[in-house]
Amino acid sequence: MDLSQLIAHWSGKLPEGFVPPAVPNKDLPTCRHKRCRNKVAVKRDGTPAHACQRCLGRRAASCKRRRAALVADGGCRRCAYRKRAEGDFLCERCREARGAERDRRRQDAVDAAAIDEFAAQPEGVHRASALDCGVSPWNARRPREANASYWSPNPDPQRILDPEWDTYRRFRRC
């Protein structure tokens, strides 16, 4: 990847001398609005829009005028459809959404600071412990004890030999 293309990726601007691919004007459908027979506009990513550029601009201006009128009548400055809270320029719903966005940004900043602080620490040698294996004082178990009510397919952990009982004489026919 050459330098101009890399700079274009970072800045979001096309490099000098870049010629966008020609969009075939023949295959474009017509605008979906009534009484408009123009070809549809082409989006930035190259896909065709649903309406022509003139109708898209007219609709955007109409939405902007309607929102401005609703805000002038006492609507929320963010959504324009609900009434503002007393002494504020936002409605209750938009105020809560703004608070949630601010909390998320604040938490992201705290997380980024913690990551930066961790990355700034000098690297040390890792000392292995039982916690690396998933063993902790809370989930560790005592070794199993064999008793009359418990049978385990594993042999007893600490076998005590009784010379009178655990010998070959036990299996001998008398």
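- The heavy-atom pair separating R67 from R78 by the smallest distance is NH2-O, 2.7 Å.
- Within the model, atoms NZ of K43 and CG of L56 stand 9.5 Å from one another, a figure rounded to the nearest 0.5 Å.
- Look at D108 and R105 and you find no salt bridge, because none of the NZ, NE, NH1 or NH2 atoms lies under 4.0 Å from a carboxylate O.
- If you take SG on C36 and CZ on R54, they are separated by 7.0 Å, rounding to the nearest 0.5 Å.
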Open item on the list: Quick one, V40 with C52, criterion side-chain contact (heavy atoms from CB on, under 4.5 Å). Give me CA distance, side-chain angles, the key distance, then yes/no.
Closed with: CA-CA 4 Å; V40 297; C52 66; 5.8 Å; no
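- Other residues, nucleotides and ligands contribute only 12 or fewer heavy atoms inside 6.0 Å of the CZ atom of R59.
- Going from atom CZ of R82 over to atom CG of L70 covers 11.5 Å, rounded to the nearest 0.5 Å.
- The distance from the CG atom of L90 to the SG atom of C76 is 4.5 Å, given to the nearest 0.5 Å.
- R66 and Y81 share a side-chain donor-acceptor pair at under 3.5 Å.
- Side-chain atoms of K39 come within 3.5 Å of backbone N or O of L28 as a donor-acceptor pair.
- Donor-acceptor pairing under 3.5 Å is recorded for the side chains of Q107 and D111.
- Here R77 contributes atom CZ and D88 contributes atom CG; the two are 9.0 Å apart, rounded to the nearest 0.5 Å.
- The side-chain tip of R84 does not point at the ring of F89 from less than 6.0 angstrom away and within 45° of straight on.
- Residue-environment remark: CD (E117) stays at or below the threshold of 12 foreign heavy atoms within 6.0 Å.
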